[in-house]
Number of protein chains: 4
Amino acid sequence: MRKKPVQQRSQQMVDALIEAAGQVIAERGLEHFTTVQVAERANVSVGSLYQYFANKDALLAALVDRLNREMGEMVSRIAPSLLQADPQTLVRGLLHAAFDFLGGREGLYMELLRNWYRLDIQRSLHRFEQQMLEITRAYALTHVADLRLDHGPAKGFVIINSVVFTLLRYLSLPNRALFDRDRLVEELTTMVAGYLSAGRPRNPRSKAATVTRAKPGTGRSKRNPVRI
Amino acid sequence: MRKKPVQQRSQQMVDALIEAAGQVIAERGLEHFTTVQVAERANVSVGSLYQYFANKDALLAALVDRLNREMGEMVSRIAPSLLQADPQTLVRGLLHAAFDFLGGREGLYMELLRNWYRLDIQRSLHRFEQQMLEITRAYALTHVADLRLDHGPAKGFVIINSVVFTLLRYLSLPNRALFDRDRLVEELTTMVAGYLSAGRPRNPRSKAATVTRAKPGTGRSKRNPVRI
Amino acid sequence: MRKKPVQQRSQQMVDALIEAAGQVIAERGLEHFTTVQVAERANVSVGSLYQYFANKDALLAALVDRLNREMGEMVSRIAPSLLQADPQTLVRGLLHAAFDFLGGREGLYMELLRNWYRLDIQRSLHRFEQQMLEITRAYALTHVADLRLDHGPAKGFVIINSVVFTLLRYLSLPNRALFDRDRLVEELTTMVAGYLSAGRPRNPRSKAATVTRAKPGTGRSKRNPVRI
Amino acid sequence: MRKKPVQQRSQQMVDALIEAAGQVIAERGLEHFTTVQVAERANVSVGSLYQYFANKDALLAALVDRLNREMGEMVSRIAPSLLQADPQTLVRGLLHAAFDFLGGREGLYMELLRNWYRLDIQRSLHRFEQQMLEITRAYALTHVADLRLDHGPAKGFVIINSVVFTLLRYLSLPNRALFDRDRLVEELTTMVAGYLSAGRPRNPRSKAATVTRAKPGTGRSKRNPVRI
DNA sequence: CATGAATGAGTGTTCATTCAT
DNA sequence: CATGAATGAACACTCATTCAT
């Protein structure tokens, strides 16, 4: 940002520009938005845009920052009320919140998240993972028996990406006739809640199976038989 | 495609152009590749490119078609050998195959899949889902007890997207120090295999819960703790 | 200048702006300096700049005026002490003064003089010539035998421009390793002092040669054979 | 240059663009010429300009190269016919040639040379000096008695810059009423020829004078008293 | 059919200047 | 009077697409 928007009017302009950028991106797509369009949408001249943002990328970065922040806020808002529920309820609640967040603001977040690798949205996703990890830990403190405690970074990574991109793709579907939102949430709830509970002795009679990789030879050595 | 390449030379040229397009995209990224670059890489003039492809988008569509086809071939190649194994082995095998596929060809598929919404890769993913569904059905015929038979479209959707995008994002990670590929595959295997086995009467006492969505339609606000 | 700065504060501001303009030009070059930079450097707003200068060019004109005045002052300061010396000493003294003047003020004058044709520095140079003419006349009054008295405007023109631009280019040289300042001054002294003394019967035996222009025909008519 | 103009048509285009650039610069001045204007003048689109020149600067560089080359050719064309003449005739001939060259082509060279420090015209001037040095050496071989042989780089530097910039400024004069071209050439001839002959024992009775700098204290150390 | 030079609309960005506060 | 945010015309440069050869 070129100038620190200390004054109120300035901050308003910065906000208006970020907002306008979001709208234009949501409407035209990331690859078709131009600085002039953003300025026009914000009822402002291009020059003003460049008074507050060094360049187009800086504007995008600010928008991503807002996404990042709002994702955090969303989680913080939702989490407390879910800590007393059982795992499925927790997961389902988070999923609905994520759904609402993604579809919100005219699909702005969707277009941004679809471009997670161009913009620096990886950071946002990473922070999201951290928050989920914290929630899981907090949850585990009161529900000792229900969830495994030793969640490494991999579990959070798997869950977040599975959920976010599955939702994202569902919302991007031209035709949602095959199954509705609730069905999707239930499926994801089943999958995620099951995954979170995994590892506990769920079914004592389940036979221990020793399996090897089907196609072990692609350069990965010592992938040992795994006990499940 | 402007002309049906009935002649052999023409088909070769079409192939060379698609191949070149893939290479250039893998190297420079989707947003930085140009038709001239593609033509040069294919040792052909731009004019010839436009002889066979109406425009840039048609070229991209052809590339996506190839992706679509190769994804199908990949699955068909892998599936037969896995039908005898137990669920985890099946899933793990498919995951490793998907991993290899994504990382293959210098990351060409990654760059394409990252742009699933710009190009029309949704079709490819959908076909992929169909194939997975078929595999699951075939598998179920011989492993009746292990997997639920009533997989609707939602389950396939969830699995495919969860897996594909999680792998995609992992491979896009600048730093893979936190956990390695095998760990990720194990986690996904656990999640997916568990999910596929879910629905069977695991906990007889569980159901009989009446749940209502807090605000089922557009329901944004205050989605209250829910009793399941 | 838009307003006559009758008040003291105003005059200070005008001075500060001119000074700031000079500094910015010296640092960034004439083609890269902006009115905003100048205003900031003068601890003043752009609006104020435009209160006193109709536009950018007016500011530059004021700067050139100052250059003009300071060049005059420089000559006036130097001249008196040199009127008693012999021609070479006079010339050498003036050259060193010109050198110091050009290199002074962080090279401000250099950047301005390099742009003698954009800004209206021709006036400054012309005034400079007048001053030199006066000095020569004054000098001739006490050194009748040493210098020709009939210096027309051409001689002053030749000397001033030869000296100023040669010094200017020397100071603009990226590498001054070939010869140092003193050497340059000596050469110029030799040339100029010799030139000023020329016309007197130096070499009685010089044969009268009738020569024709080497390439008389390029559009300049009747340039007749010249008697030397 | 982006593409090697191997073909004739291409070379023509390159030439046309350079020529157009020269014309636009001569008409509008260096700071007001745009790539679009150049393209239009060359009856070509901007895109074509950029097919042959990486950017605006590359176009300017090509123009400067042409200046450089033409200056060299001009000297080579003039020099041979002057080697038999006496010094004044030599100098006068070169001066008239330089005059014609500068004023030629609608003043294109003037505008370029006025910008010797922005463009890389210093190289051209340096090469020009080298050529003059060679001419002087060749001349000295047949006119041993007339010219000093030990011309260091300083002498050439002084002459070239004195002459070039004095001519340049004369041609830039809005009003040439004070003295005409021939007068200027005569004055320069006198000065330069005198300078070139200097150093020879011209006047045995000239008293040796020891002089010190008029204003020695500006930071240049060891500037010793000079023997004249 | 093949070629690749030519096109020109479109984009990001700058900066002299104005004017509401 | 001073301020500095706002303006928008102007410019360098790109690249998908065409078409004369």
Side-chain angles (χ1 to χ4, degrees), chain A residues 2-3 5-7 9-10 12-14 31-40 42-59, chain B residues 3 7 9-10 13 31-40 43-59, chain C residues 3 7 9-10 13 31-40 43-59, chain D residues 2-3 5-7 9-10 12-14 31-40 42-59:
Chain A
R2 224 165 229 181
K3 278 193 172 181
V6 274
Q7 300 175 1
R9 219 166 112 80
S10 301
Q12 279 177 10
M13 168 138 252
V14 166
E31 58 185 347
H32 295 123
F33 98 113
T34 69
T35 51
V36 173
Q37 276 176 32
V38 171
E40 274 174 1
N43 287 320
V44 144
S45 69
V46 226
S48 291
L49 191 159
Y50 279 89
Q51 199 128 37
Y52 294 105
F53 298 96
N55 51 36
K56 205 185 178 186
D57 281 348
L59 177 59
Chain B
K3 279 198 167 181
Q7 299 175 0
R9 222 171 97 81
S10 301
M13 178 166 256
E31 58 186 346
H32 295 123
F33 98 112
T34 68
T35 51
V36 172
Q37 276 175 24
V38 171
E40 273 173 3
N43 287 322
V44 148
S45 69
V46 226
S48 292
L49 190 159
Y50 278 86
Q51 196 88 35
Y52 294 106
F53 299 96
N55 51 34
K56 204 184 177 186
D57 281 347
L59 175 60
Chain C
K3 279 197 168 183
Q7 299 175 359
R9 224 172 96 81
S10 302
M13 178 166 254
E31 58 186 346
H32 295 123
F33 98 112
T34 68
T35 51
V36 172
Q37 276 175 25
V38 171
E40 272 174 2
N43 288 320
V44 148
S45 68
V46 227
S48 292
L49 189 158
Y50 278 86
Q51 196 88 35
Y52 293 107
F53 298 96
N55 51 34
K56 205 186 179 186
D57 282 347
L59 175 59
Chain D
R2 221 164 231 181
K3 278 194 171 180
V6 274
Q7 300 174 0
R9 219 166 111 80
S10 301
Q12 279 177 8
M13 168 140 253
V14 166
E31 58 185 345
H32 295 124
F33 99 112
T34 69
T35 52
V36 173
Q37 275 177 31
V38 172
E40 273 173 2
N43 287 320
V44 145
S45 69
V46 225
S48 291
L49 191 160
Y50 280 90
Q51 199 128 36
Y52 295 105
F53 298 96
N55 51 35
K56 206 186 178 187
D57 281 348
L59 177 59

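Just so you know, these numbers come straight off a predicted model, no measurement behind them. A, B, ... follow the sequence lines: proteins, then strands. Residue 1 opens every chain. Computed from heavy atoms alone, side chains included, the values below leave out hydrogens, waters and symmetry copies.
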Requested in this report: Would you indicate whether the side-chain heavy atoms of Y52(C) and L59(C) approach each other to under 4.5 Å?
Outcome: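 L59(C) does not reach Y52(C) side chain to side chain.
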
For [X] and [N], what is the distance between atoms [atom1] and [atom2] respectively, to the nearest whole Å?
X      : N       : atom1 : atom2 : value
H32(A) : dG12(E) : NE2   : P     : 12 Å
Q51(B) : dT17(F) : CD    : P     : 15 Å
E40(D) : dA9(E)  : CD    : C1'   : 14 Å
E31(B) : dT14(F) : CD    : C1'   : 14 Å
L49(D) : dA5(E)  : CG    : P     : 15 Å
F53(A) : dA6(F)  : CZ    : P     : 12 Å
Q12(A) : dA5(F)  : CD    : P     : 14 Å

Nearest to side-chain heavy atoms of [X], which nucleotide of [options]:
X      : options                  : result
V46(B) : dA2(F), dT18(F), dT13(E) : dT18(F)
Y52(D) : dA6(E), dA6(F), dA16(E)  : dA6(E)
K56(D) : dC13(F), dA2(F), dC15(E) : dC13(F)
N55(C) : dA5(E), dT17(E), dA2(F)  : dT17(E)

**Report entry** Intra- and inter-strand pairs of DNA chain E in dot-bracket (Watson-Crick or G-U wobble, both distances under 3.5 Å; | for another strand)
**Finding:** .||||||||||||||||||||

Requested in this report: Check whether any side-chain nitrogen or oxygen of S45(C) sits under 4.0 Å from OP1 or OP2 of dG4(F), and answer yes or no.
Outcome: no

Report task. Kindly say if T35(B) contacts the phosphate of dA16(F), meaning a side-chain N or O under 4.0 Å from OP1 or OP2. Result -> yes

Query raised in the report: So what does V44(D) hit on the nucleic acid, given a heavy-atom distance under 4.0 Å: a base, only sugar-phosphate, or nothing?
Result: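 The residue V44(D) makes sugar-phosphate contact but no base contact.
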
Query raised in the report: Which is true for S48(C) with a 4.0 Å heavy-atom rule: it touches a base, it touches only sugar-phosphate, or it touches nothing?
Result: base

Query - Toward the 5' end of DNA chain F, by each residue's nearest nucleotide, D57(B) or V36(C) - result: V36(C)

Give me, pair by pair, the N or O atoms of the protein and of nucleotides 19-21 of chain F that are less than 3.5 Å apart, along with how far apart they are.
none

Could you report the tightest heavy-atom contact between [X] and [Y], atom names first, then the distance?
X      : Y      : answer
Y50(B) : N55(B) : CE2-CA, 3.8 Å
A54(D) : A58(D) : N-CB, 3.9 Å
K56(C) : F33(C) : NZ-O, 3.2 Å

Just to verify, what does [X] make a side chain to side chain donor-acceptor pair (under 3.5 Å) with, not counting sequence neighbours?
X      : answer
E40(D) : none
S45(B) : S48(B)
T35(B) : none

Requested in this report: Hey, could you give me the CG/CE distance between L49(A) and M13(A), rounded to the nearest 0.5 Å?
Outcome: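 If I round to the nearest 0.5 Å, the distance is 8.0 Å.
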
Query raised in the report: Which comes earlier along DNA chain E counting from the 5' end, the contact point of Q37(A) or that of F33(C), where each point is its nearest nucleotide?
Result: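 The residue closer to the strand's 5' end, by nearest nucleotide, is Q37(A).
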
Requested in this report: Identify, between N43(D) and M13(B), the residue whose nearest nucleotide on DNA chain E lies closer to the 5' end.
Outcome: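 So the residue in question is M13(B).
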
